[in-house]
Every structure is written in C-alpha cells, then in structure tokens.
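One structure is given here, and the rest of the page talks about it.
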Amino acid sequence: MAAAVNDPRAGFTDESGLAIAEVEVDVTKLTALSPEVISKQATVAARFSVANSVQHPAPVSSSSGAAAPPAPVQPSPAQSPLFVTLLPPEPLNRLLSPSRAAELTRNFQINIGTIGHVAHGKSSTVRAISGVQTVRFKNELERNITIKLGYANAKIYKCQNPACPPPTCYRSYPSSKEINPKCERPGCDSRMDLIRHVSFVDCPGHDILMATMLTGAAVMNGALLLIAGNESCPQPQTGEHLAALEIIGVDPKNIVILQNKMDLVRESEAVDHAQQIRKFVEGSIAGQAPIIPVSAQLKFNIDAVVMALAKIDPPKYDFSADPRMVVIRSFDVNKPGSTVDELKGGVAGGSILQGVFKIGQEVEIRPGLITRDEKGETRCRPLRSRIVSLLAEQNHLQFAVPGGLIGVGTLVDPALCRADRLLGMVMSGVGQGPSIYTEIKADVHLLRRLLGVKTDDSKKAKVSKVAVGETLFVNIGASQTGGRILAIKKDEVSLALTTPACCEPGEKIALSRRIDKHWRLIGWGKVKAGGVLANVIEPEE
Amino acid sequence: MPVPVPPAGPAVTFPTLTRENIDAARTSQWLDKFEDITANATVIDIDALGERDAFLKLTAQWIEEDGIFLPEDSEGSVAGPSRPRSASVSSTSSTSAPVYHLPKMNAAIRDAIKKYGAVFPKLNWTAPRDAAFLLPQGHGPLHCTTPADVYLLLKSSDFTTHGLDQRAYEGAESADASAPVDNFFTVPHLELVLKAFTEMNPSREVRCFVRDNTLIAIEQRDANFYEHLQTPEAQAKIVTTVREFWEDEIRENYDGGDHYVFDLYLGEHGTPTIVDFGAYRESTDAVLFSYEEMQQLLEQSREPQVNSAGEPESATATPPPTRLPVLRVIDSAAHPAANRAAPQFGTNMMPLEMLEMSEGRTLQEFTQAWEEAMRLGGGGDDNDSDDEE
C-alpha cells in the first residue's frame, strides 16, 4: 500500500473492478430545453442497479463487496441531465415514451436563496417544502460566527391529471422521493411527474457572496423573501434583505415574497399587512414579486409556494464549454488497512463552473500533487483519472452540469484526497486545464479604507499601502492561497504564491491583509500576463 | 415522588476549571508522561529563548504590526543568505517593511525539522489548522519544512491567536482575580510545539470527553461519512479500544483534573496514540455533540444506578438507560456536516467583511462600501482611478 500511496499514477479499481465506459453525451445539443437529447440520454447504460440509491449512503457506490457482476446494461430513464437517478426496470417503458421525455425537460435544478430574519420562520419554511431540517454549522473557536450553508434539497412534482386543480396539483418532497409518486389529493388516483429539483441556500451565504463578488456569477436562480405576518412591515432588516437580493443579482421575476405566520393573525390583519409589504417593496428588486400568505408551521398554502417555485426558469448554461470544476472538499472513504485491490479512489466535491462532466470521462486535477524540495523549489504533478461516479445529494448521475454541489468519484490515490487536500484545485478535461502559476502579476487597486465593519479608530480603518515582502491572502476565482509581494510598480504588483494556483490572465483576485487578528479585504486586482508558471510534471498518457 | 440526588451531579453544562487545569492541556505538560503513546515532538519554550517580545510582535498582531512580514532568514531549511527572490527589485514605493529578528527560534525550528524531516506546528494549545490552505498540502495539512512555513501559519491562523490573549483562560475561575485584563500582560507563557509530521487518515481520529472522571462521549472528528464506521462491530471496537486505553493509560495519569477532552488516533492494529488534550469548555469544539447533550448523558447514566461502586464497565444485567461512553459518528452521507458545500474552516478562508455581511448586520453599509470598492477599480474596468495619494 505504501508504494501505491506515493505514486499518484497508481491505479485503483472502481467498485465493479471493470473498465468504465464513457457516457456519450453530445454537449453541443444539450440545453435545458432539448427533449430529444434528454430522451437519448435516458437510454444511457445503467451502472447502478439500485433504485434511487437511498440505500447507498457512501459517496462512492459500495457494491465492491458483493461478488455479483455489475447489472447488465439496461436503459435508464433520465429524470434530468443533472439528476439521473436509476429506477427499477418496471416503469421504464412508460417513462421513456416521447411525451414523457418532453415533460422531463423541465426537470432542472434551480437554486433558491431563502432570505429573511431567523425568527420569521426561514428554516420551518424550508422544512415545510423540503422535509429537511436545515442545520447551522458552528466553527471551532469562533462559535459566534455561524456558517449559514444549510443546504436542503427538494423535488417538485406536478400531477399528471389535468383535472387536478392548481395549486394542489403541485407538491414537494424530499430529494429521496421516488420519481412518480401518487397524487395525494383525495379522489385523484393519478401519478405525479417530477418537474424540478430545488436546492435551498440560506442566504446571503459566504460562498454565494464570494462567487458573486469575485466573479460576478449569478448563483441564485430565484429567492424566497420571508416576512413575518404578525409583525409590522418593514422590520429593520427587511431593507437589508432587499439590498442582499440586489447584490446577489436575482432575476426580479424569480422572487417570491412569503407572508409567514398566517396562523397567528386574523384575515383582515393579513390583508393590511400584505398592503404594507406591497408598499414597501414598490420600486425595489422585489417590486413585482407575488406575495403568498403561508403558515410554515401548519403547512398552510405551501402548495402555492411550490407552484411559484415550479414556474422559475431553469438557468441557461453553456454546456459545450470546456468542463471546469473548482474543488471545495476532498476526502478518502476507504476503510483503513484496505489492500490496494480493495481501495476506492478519492472523492472530490465541488461546484461545476462550466461545461459537463460525464461518467468515464478522463479528467485532470490541477495543480495536483505539490511538493517542495529542500531548496524550496516547488513542483506540481497534475492528477489524472477517469470519473467513476457522480453524485448530487445521494443521487447517482450519469453526467453533471453546473449547479449545486457535485461529488466526483475518481481513481486518484485516495490518500491524496484526504482532509480537503485538493481544496481550490481545478478539475477539467485532460489537456484543457488552466495554467498553474507560482508567481502572478496583477493590476491592483487598493481600497482607501476598510469596508463596512465597525472600527473604533478611523485612522486604523485606512488601508495602508502594500510593501515588498508583505504576505497577503489572495482569493483567485474560487480558490485561495497566500501571496508575498515581490515587486510593486505603480498599480502592478508581482506576487509569489505560497502554494501554486490555477489562474488565467484577466481573472479577478481579491487581496486581504491580516489586521487585528482577521483577514480584512484591502483591495482587488486583475491577473495580467507575465507571471511565472509552475514547474509542472505532466503525467504520462 | 422523592427526587433522587445525583452523587456529584453536574448542575451546569460546564464544570468549573482552574488555570492549572487549562495549563495541564499544554503539550509541554503531558508530553513526557505519555511519551511512548504519542507522536514525537519538540517543545520550544519561546519565553526561555528570550525572543518572546519579538515573537509576540510578529504573531500577536499589535495594532501597529498588521500585515504579515516573515522574519529575516526564516526561509529555506538551512540558515544562510536571503533567498534570491526575496531580494527582488523594490520599486519607488516608500513603504518600508518591518523587520523581525528571531535567530534563536529560526535555529530551534530548523533543528526540529532536521530531526523529524518535517514538522506539524502548534502554539500553546492550538494548531493553526484553519491556515492550512496557505501551504502545499501534497503531504497533508500543516507540513512545514522551513521556519517561514511555521511563522506564516501561526500568523495567519484565527485559531492560534485564541491562545495568545485573555481568551486563553476562558472558562477558568481565576485564582488571582487581580490579574490585569490588559492585553500584553495576560499573554500566557509561550510554547511552540513541533510534532514530527506524520500522515494521518482522518477517519481514524476520535475526540473523547471526560467529565467527573467519567468517559462520557466519543466521536468521529472528521466531517465526512465513512461506511466502515457504520457497522455495530466497528463501533463496538472503537468504544472498547478507547475505553480501555483511557482506563489503562490516561485516567490515572493525566494531571488536568476530572474534566477534560482528549483526541486519539486509532492507528494500525487498533493501537491508539494520543493526539492532544484540551480543556472541557466551550471553545473546545464538541463537533457532533453539544455540551448540553453530554451533561444530559451523564445525568441519565446516573439516575437508576444508586450503588456507590458504580464502575461503568462492571454494569449489571439490567441495562442502564444510557451506557457510557456514547459513540457518535456521521451516520449518513446526507448528514448536514458531511453534505456541506464548504471546506472545513471555510469561514477562516475569507475576509472578515464577508462574514460580517453574511450575518446581515451591516449589509446596508456594506452595499455602499461595495459600490465604493467597485468605483475604486475593483469592478475590473480599466479606468485608473486616483487612489494614489
């Protein structure tokens, strides 16, 4: 095992021990609204024989222990290009009829920000829609600062029966729900169709803000703005919440206002309150948003919210772009002491920025294995592998597109993936990865004073110039590293990165300085040509 | 109904600690005693080296010492002239960099690196795990091969600074209440611990909680789902291994009182090694438990057993409602901790402004500042604004 662990090229088996055939996906035809591509995709070979993988808790499929050969190739229905979940064979034929395929096209993931005061019922609303209890994370030693990334995912369904009236014909379930559940309306015996995947993001969350602020990318497709119906509107924070929606850049058409806690007020009060809200949001980003009275506690009118969510357009992505994913987590799922033959490759989790990743695809992760010799010289060896599994939540995918967190199972030496070691690295197609730099040149603009945060002393808030020899914290796109200033020429700054990073000229960077025990944003920059490329040992074919 | 009085029932979530209890968790205080069952380490007593003030200036971030400038001659694994790239052309910039001299520490760190190959640093109680992203992690987190690596991590970490100010003795009843709260003088004794760097498999790390000299809880430290930790056999083995190790090696030997936290690494063949000790207080992350829960567990375990000889392992046939210790692992890939969309310590990898903003406190203010920042050139357009003075 030791030898293999030190050899980044050492191969590990996938769960079946067989070669993984690349999934065929014609990305040039893949759009959110192309039924023939979706139905074609639906015939892609099934690798995972267990329906819906609810019993598959491991990020990497765990059928290795079983002696059974992999399931024979069988058509698998695609419920969406993002969440290709496999079903038991029985309903396949029905699912694959052309009309059904057309309906499936609407089945795309949308990211919904939930915004509102904690006490206004944010988490109970998300729970009412998704069935998932969102959890706040705490951070060691900094327990007052919560990371608000309580992801909750839900599936939205519409009843097949045209006689089933809206909004009752819309339903939401946890993401583990089967694809065609029975309609729950008494007397309606029809089945329901899965039409959307919704990922709820408590916002404004750090990752959302980072992405929005640094790259200008719109991460949210829509937002639920929660306002408590038993308090007068506006509350002090309501204006802030509207401002947040503007920063995040949510499409005004896709904002829904929920007037919560309707169980605590009389009808006349609710009407007055709705008018207060309408007046307050007039002229703002939420000016056109519908106001839906709900009670998250009693699950009153949740179907109307679900209906509003179902009408939010899926995002438009360029699927033909070279695939790129930024790794934000990586781990090793193996049982300690497994032999090389038993080992499963490492798993990298991240967000796909562009393009499509497919099962069986050859990918590389850059910078990869970074080592330094005694002289301090750095070398990078990009990691190459095939994709053996793709997971979103607990759903196995055949291919994955931007949106949500994707876990990519690889054949990379699992030890290299432990403890988020691949954090900030970029996964791409082989030969399509970004350049790796040890030194970058950037045009930098410093802030005059520190942003926002309370400062006792106005002199302290002034941002002093950077100096040669100073080490700053550098965010490059979605990755982060340190950078020591080597030279300053007017606005142009040369930075030696403390660990090599992927970037491209034109990319934006954010610079922070260690001030009073925290990283504080002091400026912005744009990478220029003329950095120093890392010493990269490209892996052999 | 008579209310049973628990023997030494903890009425509160946190026990009262003394400064001595907290100091006992320093590596220097337990390293010799547990030498055979913990990783090799060197403790550099910074105060004794006589470089306390210079080190504090470097790391403790005095108001006038913002920014990171690494000490002279701290790069490279051997002492010598400055590396060529640090002598790069300085422009007309008038800002001069502060200079730090820590020659003795540089030498002591280099000695440890020479001895162990690479080191894993810790300041007083805490390792700068939140700053790991600043160094290449090909060998694992916090792999340091030069003094500069060590300084960079210490200076960049939010965690280690916790041990450098008055928070170091948080939760301790102050023996001398007259101790001044002024920053400089309350900085505790400074020790830099350099552990021999070893590759660790995070799924083998556990954190264990002891209160009233009772092992209450054991938990997985790493926030990922591991299938091999799910079987009852694997879990029983972990509980047995940890409990026996605690009974045999730690319970009688640890000097930090009756309430403490310890981290173990369950190595090959199930032989544990001690990773660390910590104080039983809120700043020690309870990860999958909460301290309230652990207090309840302890109380529940006591309720029916009134016999005074209540050794936990000699439990009788009647199953007690809660048998201690309780093991907790991440039991599903859908567990919120395992399903997170952020790296561990993600909040320590971004400017404070973003944290503040996400708390929603100063959003209005931030929006304006943000626009201002954009105006100053952060927006990426090329109009050079007049931010030169």
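Lettering follows sequence order; numbering is per chain, from 1.
Shortest non-hydrogen contact noted between A/L423 and B/F133 is CD2-CB, 4.1 Å. Here the closest heavy-atom approach between residue A/R329 and residue B/A223 is recorded as NH2-O, 3.8 Å. Of all non-hydrogen atoms in A/R418 and B/E199, the two that sit nearest each other are NH1-OE1, 3.9 Å. The shortest heavy-atom contact between A/N334 and B/H228 is O-CE1, 2.9 Å.
Once rounded to the nearest 0.5 Å, the distance linking CD of B/Q137 with OG1 of A/T499 reads 7.5 Å. Here the CG atom belonging to A/D332 is positioned 6.5 Å from the OH atom belonging to B/Y226, to the nearest 0.5 angstrom. Taking NE2 of A/H518 as the reference point, atom CG of B/D158 lies at 6.5 Å (rounded to 0.5 Å). Once rounded to the nearest 0.5 Å, the distance linking OG of A/S330 with CG of B/N224 reads 8.5 Å. Atom NZ of A/K335 and atom CG of B/L229 lie 9.0 Å apart (nearest 0.5 Å).
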- request: Mind running side chain to side chain contact (heavy atoms under 4.5 Å, CB included) on A/V333 and B/E227 for me, showing each step along the way?
  value: CA-CA 7 Å; A/V333 296; B/E227 203 169 74; over 6 Å; no

- request: Could you give me the CA-CA distance, side-chain angles and deciding distance for B/S203 and A/F331, then say whether side chain to side chain contact (heavy atoms under 4.5 Å, CB included) is met?
  value: CA-CA 10 Å; B/S203 75; A/F331 46 93; over 6 Å; no

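Using modelled atom types, no side-chain atom of A/R514 and backbone atom of B/I68 make a donor-acceptor pair closer than 3.5 Å. In this structure, the side chain of A/R421 does not engage the main chain of B/P141 through any donor-acceptor pair within 3.5 Å. The main-chain N or O of B/L134 is found under 3.5 Å from a side-chain atom of A/T498 such that the two form a donor-acceptor pair.
Residues satisfying the side chain to side chain contact (heavy atoms under 4.5 Å, CB included) criterion with A/S464, sequence neighbours excluded, are A/R513. Applying the side chain to side chain contact (heavy atoms under 4.5 Å, CB included) criterion to B/T198, with sequence neighbours excluded, gives B/M200.
Looking at B/L152, the atoms closer than 4.5 Å to chain A (heavy atoms on both sides) all sit in the side chain, from C-beta outward. Heavy atoms closer than 4.5 Å to chain A are found in the side chain of B/D149, but not in its backbone.
Taking 4.5 Å as the limit, some side-chain heavy atom of B/H139 sits within range of a side-chain heavy atom of A/T371.
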